[in-house]
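Report on one structure; see the data block that follows.
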Amino acid sequence: MVNRAFTIAAIASTVLLACTIFLFIAGTIGLDPSHYRLSFKRDFHIGVSGGRIVLFNSEYGPYHGSSIALADGAGNARLAVETTAFGETLGIYYRHFRWLDSGNVLWTAAISLAYPFMGFAVLPALWGWFRWRHAQQVAGQPGAQP
């Protein structure tokens, strides 16, 4: 029973690994998450871009810039946006902007597809190693046929 459950889990993991590889290819050939995305609510979307899974709240797509700055007519910078940012560190990226005058929020989070790739690759690799080891044991028994 444990063998069967492990095999089923390894097959499911292999399918998810193949899906991750497909998403990586789709994201690197230029699928734009502004147009190709899953929308769960009006303000929660998921897409792929540049080898990353991207989560964002804007209907126009994820934030790709580096900063937002506003200035008055004289060119003096004005603090109109509260910013929280993290990354690109270890394949994780996060930006959160809140406008002080309106309270509107713009956020984008992204995580490298390398993380799910590594996670989904573990069970198929273990399954293959156990099968190879079992075949080596059977081949070493007297009277066993290859």
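Remember, it's a predicted structure, so these values are computed and weren't measured experimentally.
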Rounded distance (nearest 0.5 Å) linking atom [atom1] of [X] with atom [atom2] of [Y]:
X      : Y      : atom1 : atom2 : result
Leu106 : Arg98  : CG    : CZ    : 13.5 Å
His134 : Trp129 : NE2   : CH2   : 13.5 Å
Asn104 : Phe97  : CG    : CZ    : 13.5 Å
Gln136 : Arg133 : CD    : CZ    : 11.0 Å
Tyr115 : Thr20  : OH    : OG1   : 14.5 Å

request  = Please write out which residues are connected to Val15 in a hydrophobic cluster, directly or through intermediates, given that two of Ile, Leu, Val, Met, Phe, Trp, Tyr count as joined at side-chain heavy-atom separations below 4.5 angstrom.
outcome  =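 Val15 clusters with nothing; isolated.
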
request  = Would you mind reporting whether Phe117 and Leu17 have side-chain heavy atoms less than 4.5 Å apart?
outcome  =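 Yes, close enough: below the 4.5 Å cut-off.
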
Shared hydrophobic cluster for [X] and [Y] (ILVMFWY, side-chain gaps under 4.5 Å):
X      : Y      : result
Leu113 : Ile46  : yes
Ile53  : Leu90  : yes
Ile11  : Trp127 : no
Ile111 : Phe44  : yes
Leu55  : Leu23  : yes

Over all atoms of both residues, closest heavy-atom pair of [X] and [Y]:
X      : Y     : answer
His45  : Ser39 : ND1-OG, 2.7 Å
Pro124 : Ala10 : CG-O, 3.9 Å
Val54  : Pro62 : CG1-CB, 3.5 Å

query = Between Asn57 (side chain) and Trp107 (backbone), is there a donor-acceptor pair under 3.5 Å?
reply =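 Side chain of Asn57 to backbone of Trp107: a pair is present.
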
Under 3.5 Å: donor-acceptor pair, side chain of Ser13, backbone of Phe120 =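 Yes, the answer is positive, given that a donor and an acceptor are paired below the 3.5 Å cut-off.
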
